[in-house]
Number of protein chains: 2
Amino acid sequence: MKKITLKDIGKHFGVSISTVSKAVRDSHEISTELKLKIQKYAKENNYKPNKVALSLLNKSTKTIGVVIPNILNYFFIQVLYGIEKIANEKGYNIISCISDESNEKEGKTLEVLDAGTVDGLIMSLTNDSDLNKNIGYLQEIASSQIPVVLFDRVSDAINCDKVIVDDYESGFKTTEYFINIGCKNIAVITPIGNSNIGKLRVDGYKKALHKNGISFDEGMVLNIEPKHDLDLEMSFLLNYKKIDALLCLDEITAVKVQSIVKERGYSVPGDISIIGFTNGQLSKYVTPAMTMVSQHGKYIGEIASKMLIKRIEEPDGGEPFETKVIKTSLIVRESTKKIN
Amino acid sequence: MKKITLKDIGKHFGVSISTVSKAVRDSHEISTELKLKIQKYAKENNYKPNKVALSLLNKSTKTIGVVIPNILNYFFIQVLYGIEKIANEKGYNIISCISDESNEKEGKTLEVLDAGTVDGLIMSLTNDSDLNKNIGYLQEIASSQIPVVLFDRVSDAINCDKVIVDDYESGFKTTEYFINIGCKNIAVITPIGNSNIGKLRVDGYKKALHKNGISFDEGMVLNIEPKHDLDLEMSFLLNYKKIDALLCLDEITAVKVQSIVKERGYSVPGDISIIGFTNGQLSKYVTPAMTMVSQHGKYIGEIASKMLIKRIEEPDGGEPFETKVIKTSLIVRESTKKIN
DNA sequence: ATGAAAGCGCTAACAG
DNA sequence: CTGTTAGCGCTTTCAT
């Protein structure tokens, strides 16, 4: 038997649909006797108010859309986990969409989410969406449809709440950490070279070099792409110059790079110290366990979720948009050590 | 300006709402001139038919609910990825819920999903849901509300389509693999001892021992729980008997166990060979790289998604329920080797 | 070629 | 106490 409705119940008892509605919601307006009968019947038949109808009525779906570029990336999973946790506590559901680093899929996803399915949107942009038509679309949505919170990969062109990592600062601090333990030839390996956050981290890196009197060398920044042969590229880099530190801008790259470096006979951290971004599940268990920059993904998700729900629920009191910066922390393990 | 509706457009042109509806959907019933005007206006104002209204009308939400026990587990992520991929291709969205291995949260989640929000449900049960009130509830949903597909952690008590791994066979084959490379003292470490799949794998293990004339020893099966001290438990196990092979029933356990074993001075695979379940991101990068049983998570997700959507879209032609068994494969790496 | 009306399932305001 | 009405946004007959 398919889902039972108020109408069905009403028919069964020969009463009106609004009476039933009131009865199941235990209104004082209904006689106790009738209420009991109806409630019993409703329970037995597993009646539940249809959410879709309620959504239409209340103009609120109690769901929030989450768009992330890559679900196989532990950082995003952590953020998703944080978002879900808070959303769940506050009675919201999550529609999760994966843009797969594709502008096109990102756009399609926005179309769906912009059609009344969700009360708000939490999103991290695809890698190259800075030069992306979706930006305009998103700005449109944020400004006139539903609240939007951007995290991690954000864009200045969109006016909304944001939660970001202090990428510049973080690139700076990490580089100084290398310098403080005695490293001088510090290379950067980035799979996110054309994203804003990648650029910021590299800028921080440059700043740290500059401050410490080390001249910046373009050749020490290795931009990699999924299709590239990392092994080969690393071989060029290692032959290019004597290197004593490697800063990798995501976890999987860090782990792969460490493995390549070890295979080529370098000792980590004896010859080369390595630090990676994103403290996920991988870095802890490889040998040597890797020193990582933790972005506190779960926390970012929680914050984003809270900000969004606040926007959704508060009469758009028009608090000015906020950008929260989450500080990273360095989790020091065995892939770095002081050179004496 | 908030979302624009047909009514708004109608008012603007002084025509009826149904005319507008037809116009935006390019009906031949409307004069070209009017159609063009309306369509232009609609585009300019970013009109999009409200999905919620459509859902109510069509009694179809074009979304499917996914309930997984643990999002920080790579197997489930892979499944989710596979589900999303297919669903997306077929125009469905995913509402993802995390039951966090809690019966209670699982139940709440079902309540929400059972209220007309989704057209179908893909789910893996919480660890101990065999002795779980939700089972009855789920059976109720599956039998009378919406199609349900269970994967991995399923239950016989629920009558629906299922996608499972050949856990018994897989426990058997893996154990025989150990035996074939010369191992005799094979221990099992399971964090999922009270789940069906955990039991099946252990049963397969027993069968292989038996077939090869090795007697089964209860003490060689180590049930662990999140709160337990794995280090300590492993120490007991290693002192209990000389062990030359360890079968770990999930990836993170495998990695941790290998790390503990190495720390205690054993060589892997020299002294002890190790195999783990779930070929995720971890096992490939630890040292030594671990031999793993791949369950083909993404493929499982794709299959589940296809089965569900077929049920949703096909006039419930009442094909009998199917249980698809996905064969595992052994990815041999360096944590196992032949003993001579 | 356009519009009125019904209905998806529900709630709320208002009558009786 | 119970019922009628209207309306959320949309599509779909069925008039006109």
Side-chain angles (χ1 to χ4, degrees), chain A residues 1-39 41-42 45-63 112-119 145-146, chain B residues 1-39 41-42 45-63 112-119 145-146:
Chain A
M1 193 192 50
K2 270 286 163 199
K3 281 209 89 46
I4 191 173
T5 70
L6 289 184
K7 201 197 227 173
D8 299 329
I9 303 184
K11 199 173 295 166
H12 181 260
F13 286 105
V15 298
S16 90
I17 160 181
S18 59
T19 303
V20 180
S21 172
K22 285 168 186 157
V24 293
R25 312 198 306 123
D26 212 28
S27 159
H28 51 272
E29 297 183 35
I30 306 294
S31 70
T32 325
E33 192 197 12
L34 183 55
K35 248 181 359 191
L36 255 38
K37 273 198 318 197
I38 291 183
Q39 284 174 1
Y41 184 81
N45 288 276
N46 207 356
Y47 169 77
K48 248 171 249 125
N50 182 317
K51 289 249 178 197
V52 177
L54 289 179
S55 293
L56 186 57
L57 199 56
N58 305 327
K59 293 161 163 312
S60 145
T61 59
K62 280 285 184 181
T63 66
V112 177
L113 263 21
D114 178 36
T117 0
V118 298
D119 294 348
Q145 314 284 359
I146 50 176
Chain B
M1 194 193 46
K2 271 283 161 198
K3 281 209 90 43
I4 192 173
T5 71
L6 289 184
K7 201 198 227 172
D8 300 330
I9 303 184
K11 200 173 295 166
H12 180 259
F13 286 105
V15 297
S16 90
I17 160 181
S18 57
T19 303
V20 180
S21 172
K22 285 167 186 158
V24 293
R25 314 202 307 123
D26 212 27
S27 160
H28 51 271
E29 297 183 37
I30 306 294
S31 71
T32 324
E33 190 197 12
L34 183 56
K35 251 185 353 195
L36 255 38
K37 272 199 317 197
I38 290 182
Q39 285 173 1
Y41 185 81
N45 289 276
N46 205 357
Y47 169 77
K48 249 171 247 128
N50 181 318
K51 288 249 179 202
V52 176
L54 289 179
S55 293
L56 187 56
L57 199 57
N58 305 326
K59 291 160 163 313
S60 144
T61 60
K62 279 287 185 181
T63 65
V112 176
L113 263 22
D114 178 35
T117 0
V118 298
D119 293 348
Q145 313 284 358
I146 50 177

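Excluded from the calculations below are hydrogen atoms, water molecules and symmetry mates; all remaining heavy atoms, backbone and side chain alike, are included. Numbered from 1 within each chain, the chains take letters A, B, ... in sequence-line order.
In terms of heavy atoms, L56(A) sits closest to V52(B) at N-CG1, 3.6 Å. The two residues A23(A) and Q39(A) make their nearest non-hydrogen contact at O-NE2, 3.0 Å. Closest heavy-atom contact between D8(B) and K3(B): OD2-O, 4.1 Å. Here the closest heavy-atom approach between residue V24(A) and residue A42(A) is recorded as CG1-CB, 4.0 Å. A pairwise comparison of heavy atoms in T117(B) and T61(B) identifies O-OG1, 3.1 Å as the closest pair.
Here chain B contacts DNA chain D (any atom closer than 4.0 Å to a heavy atom, that is under 4.0 Å), and the contacts span dC8(D) to dT13(D) from 5' to 3'.
Within 4.0 Å (heavy atoms only), L34(A) reaches sugar-phosphate atoms of the nucleic acid but no base atom.
Put simply, the side chain of I9(B) reaches to within 4.5 Å of the side chain of I38(B), judged on heavy atoms. Annotation: side chain of K62(B) is not in contact with side chain of L54(B) (no heavy-atom distance under 4.5 Å).
In this structure K22(A) satisfies the side-chain contact (heavy atoms from CB on, under 4.5 Å) test together with S27(A), E29(A), I30(A), sequence neighbours excluded.
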Report task. Applying side-chain contact (heavy atoms from CB on, under 4.5 Å), run through N50(A) and T5(A) and close with a yes or a no. Result -> CA-CA 8 Å; N50(A) 182 317; T5(A) 70; over 6 Å; no
Query raised in the report: Hey, mind stepping through D119(B) and I146(B) against side-chain contact (heavy atoms from CB on, under 4.5 Å) and telling me if it holds?
Result: CA-CA 6 Å; D119(B) 293 348; I146(B) 50 177; 5.8 Å; no
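With rounding to the nearest 0.5 angstrom, the OG1 atom of T19(B) is 12.5 Å from the NZ atom of K35(B).
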Just the atom pairs and distances: protein N or O near nucleotides 12-16 of chain C's N or O, under 3.5 Å.
residue: dA12(C); atom: OP2; partner: R25(A); partner atom: NH2; Å: 2.7

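Counting to the nearest Å, the P atom of dA1(C) and the NZ atom of K35(B) are 9 Å from each other.
Within residues 6-13 of chain A, the residues approached by DNA chain C to less than 4.0 Å at the level of any non-hydrogen atom are L6(A), K7(A), in residue-number order. A heavy-atom distance below 4.0 Å to DNA chain D is reached by these residues of residues 46-58 of chain A, ordered by number: L56(A), L57(A).
Within the 3.5 Å criterion, the main-chain N or O of I17(B) finds no donor-acceptor partner in the side chain of S21(B).
When the side-chain nitrogen and oxygen atoms of S16(B) are compared with OP1 and OP2 of dG3(C), one or more of them lie within a distance under 4.0 Å.
Pairs of residues two or more places apart, or lying in two chains, that qualify as ring pair (Phe, Tyr, Trp, His ring centres under 6.0 Å) and include a residue from residues 5-24 of chain B are H12(B)-Y41(B), F13(B)-Y41(B).
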